Structure formats: structure tokens, C-alpha cells
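All remarks here apply to the structure that follows.
Note that the structure is a prediction, hence the values are computed from the model and not measured. Both counts, for ligands and for their atoms, begin at 1 and track the order of listing. No hydrogens, no waters, no symmetry mates; every other heavy atom, side chains included, goes into these values.
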Amino acid sequence: MSCGSDCNDPNCKSEPVHPSGKCAESKCAGCPSKGQCKSSEPTEQTLKIAQSLQKFSKVYLVLSGKGGVGKSTVATQLAFYLSDRCNKKVGLMDLDICGPSIPTMTSTVGSEVLTSDIGLIPVNVTPNLQTISVGFMLNKTDDAVIMRGPKKHGLIAQFLSEVDWDLNADEYENNILIIDTPPGTSDEHLSVTSLIKDCAALLAKKYDTHILTQAIIVSTPQEVAISDVRKEIDFCNKIDLPICGVIENMSGFVCPNCNNETQIFFPSKGGVKKLCDDFNIKFLGRIPLDPKLTRCGEEGIPWSSLDDDESIGMEMFVDIVAGVLHLEK
Ligand code: ADP
């Protein structure tokens, strides 16, 4: 029986023990000393993250197996739609540390992150949408971010604990945090999920406050992308991160001249719907390839500002939003 590979609490019956003597509670599953050793005490960092995240009722981590499938596009457009059209207060956190595209996609490149007594003041995108990204902290936009794992972990912990979101805690049901993550299953994913899980456990135990934390997975229809989504699903299962559902992006292209639909990324093995059926996961819906959506990413504007809700693509997107919010269609 082990309290987790890096648990090292002297009172814990498991071997080996953690040098800090304070391992995260979520790592103690199965330990005979769980809840009795000092590992079960929240760390100062967990308390700080809890203080910041308790303003949010929902946290969505947007994941993808591969890069370039539209993860940041989905994260941004979801943030725009929820804040502009669903009257939600949204925080959009860019954890794609080495390839931050949220500043471009929200038209906030070059914005400065100021500080307050609490910490970092996020950048205002619209009245209901704020964002934070490492992209705002670079001397030059084209600077490469070179960080090893521990430094990335520190930055993620700082973003989770020190961002001074302009939110009313009393309206926490209305407040949503969307986190854009790097592609794949890397250090960043482990860091962010373990930090949020410890904080959620603390909030539930001490204050009976519950944060719904779920993954939204984005893929294109072809097998080469979907095979990586299977790994993503396995990762979520292994780290105990519930999956809200999977979105099939770049799903067909309707030619505006002849109205014929072409499957550019052909779903040779049934696409995302089949994958969701196989894994018993919610299929959130399809987003077609749409030149207007590419333009939105380039100009940092909401899709809904170029297309009305009756356009085919937007209609599909509105269904996806309803699925994410668990609304009846
Ligand atoms: P990722 O975050 O997965 O790396 P991005 O969101 O950066 O992918 O998308 C990659 C490129 O594809 C961007 O230029 C984006 O504007 C474009 N794109 C994404 N989804 C669509 C779509 N459905 N239709 C048209 N262009 C899209």
C-alpha cells in the first residue's frame, strides 16, 4: 500500500516519504493513514488557490491530443459565447505556456498585466470576459518561452492562486473559468489538475462549496487525431478528471459557391461520434471548417459577430454550448 510515489510524511505508514512532509490529499488515495497524517492538512498554496477559485462554479479544461486541431479556437469562442450571449462572467486562462495563442485570438496582444494587492490583474477582453496568459509577460511577442517542469508548475500555481479576477463571489453560479492547455498529456496537465483537485476537495470539505471541474476534448475527424484522443481519455481516467465531452472540429467544409460538403479530414474510422459511443462519453457536436472562424482567430473577435445564430456553423456551435452547460436542447 502506498500513499503515492512522492509522499514522505513521517506519520504515514507508506514508504517512501516526501521531503516536504506535506503531500497533496488527492495523492493519498488508498493510504491507511489518509486523513490522520499531516499530509491531509491543506498546504498554503492550496489555501491560496481555493481563495481564488472559489469564485468559479465551473472550471473547464480544454484538451486535445494533437496541436492544430482547434483547441484554442474552441476555448476562445466558448469564452466569447458564454460571456457575450449567455450572460456568464468568464475567465480565460492560457496554460499553453510555450505556444500561447489566446492573446491573438482575443485581440489583446501587447496588453500589460498589472498587479494589485492580491496579485495579477487579468486583461479585460469584453465587459464579461477577462484573460491571463504568459503571452502578456514576454518582453517581445516573438520571444520563446523556455521553462523546465518545476518553473512551469510554479507559473500554473501562480495563475491559479494570484489572478485577481473581477468577479462577484455571490454570483459564483454564473462564473466560469476556461483553461486552454497545451496539446497532449504533459507536465502542465498534471500540475493544473492536481492543484485544482486539491483545492476543490478543500472547498467541498471546509465550505461545502463545489466546483465542477471537467475536460472538454477537441479533435478533428481523422483517425490520426482520434488515436491521440484515446490517449487523452485514458489520461483523464487515470487522473480522475471527468470528461464533459468531445467536440469534432473541422468537421466537413460546405463550399459557399456550390453548397457541396467535402470531408477534408475524412473520418475513416467513424470520427469522434463513434469514439464517444465506444467510450460511452458525451459527443458534444461538430464544428465545420469555416473561413469566417479562421478570420475570428486572426482578428481576435467572436464568431457570433460575423455569423448569426441561424448559420449552419453557429447553429452547431450553439448546440455544443448547450451540451457543455448541460442545458436541454
Ligand atoms: P490548437 O489550439 O489545437 O493548436 P488552433 O485553435 O490554434 O489549434 O487552430 C489552428 C488553426 O486552425 C487556427 O488558425 C484557427 O483559426 C484554425 N481553425 C480552427 N478551427 C477551425 C474551423 N473550424 N474552421 C476554420 N479554421 C479553424
Nearest atoms (heavy-atom pairs only) where Thr213 meets Ile196 | OG1-CG2, 3.6 Å
With a cut-off of 6.0 Å (strictly less than), are more than 12 heavy atoms of other residues, nucleotides or ligands near CG of Asn87?
-> no
Correct closest heavy-atom pair for Ser72 and Ser101 would be OG-OG, 3.3 Å
Determine, using heavy atoms of Met105 and all atoms of ligand 1, whether some pair is separated by less than 4.0 Å.
-> yes
shortest atom 10 (C) of ligand 1-to-protein heavy-atom contact is with Gly68 O, 4.0 Å
Note the single closest protein heavy atom to atom 22 (C) of ligand 1, along with its residue, its atom name and the distance in Å.
-> Leu293 CD2, 3.5 Å
Consider ligand 1: state whether an atom of it lies below 4.0 angstrom from any non-hydrogen atom of Pro288.
-> yes
Could you tell me which non-hydrogen atom of Ala50 sits nearest to which non-hydrogen atom of Cys199, and how far apart they are?
-> CA-SG, 3.6 Å
Any nitrogen or oxygen of Ser64, main chain or side chain, under 3.5 Å from a nitrogen or oxygen of ligand 1?
-> no
Gly297, any N or O under 3.5 Å of ligand 1 N or O = no
Please round to the nearest 0.5 Å and tell me the distance separating atom CD1 of Ile211 and atom CZ of Phe56.
-> 9.0 Å
Check: Asn249 N/O within less than 3.5 Å of ligand 1 N/O | yes
Geometric N/O contact Gly67 with ligand 1, under 3.5 angstrom | no
Heavy-atom nearest option to atom 5 (P) of ligand 1, drawn from Thr220, Thr73, Leu63 | Thr73
Determine, stepwise, if the pair Gln45 / Thr43 fulfils side chain to side chain donor-acceptor pair (under 3.5 Å).
-> CA-CA 5 Å; Gln45 185 176 63; Thr43 62; 5.0 Å; no
Nearest protein heavy atom with distance in Å, relative to atom 8 (O) of ligand 1 = Gly70 N, 3.0 Å
May I ask you to identify the nearest protein heavy atom to atom 24 (N) of ligand 1, giving residue, atom name and distance to one decimal place in Å?
-> Asp290 N, 2.9 Å
Does a sphere of radius 6.0 Å around CD1 in Ile312 hold more than 12 heavy atoms from other residues, nucleotides or ligands, not counting ones at 6.0 Å or beyond?
-> no
Check: of Glu248, Lys66, Met250, min heavy-atom distance to atom 12 (O) of ligand 1 comes from Met250
the protein heavy atom lying closest to atom 2 (O) of ligand 1 turns out to be Ser72 N, 2.8 Å
Do Gln222 and Thr220 get their side chains close enough for a donor-acceptor pair, meaning under 3.5 Å?
-> yes
For atom 14 (O) of ligand 1, which protein heavy atom lies nearest, and how many Å away is it?
-> Thr294 CG2, 4.3 Å
ring-ring contact (aromatic ring centres under 6.0 Å, His included) between Tyr81 and Trp303, intermediate numbers included | CA-CA 8 Å; Tyr81 198 87; Trp303 194 7; 9.3 Å; no
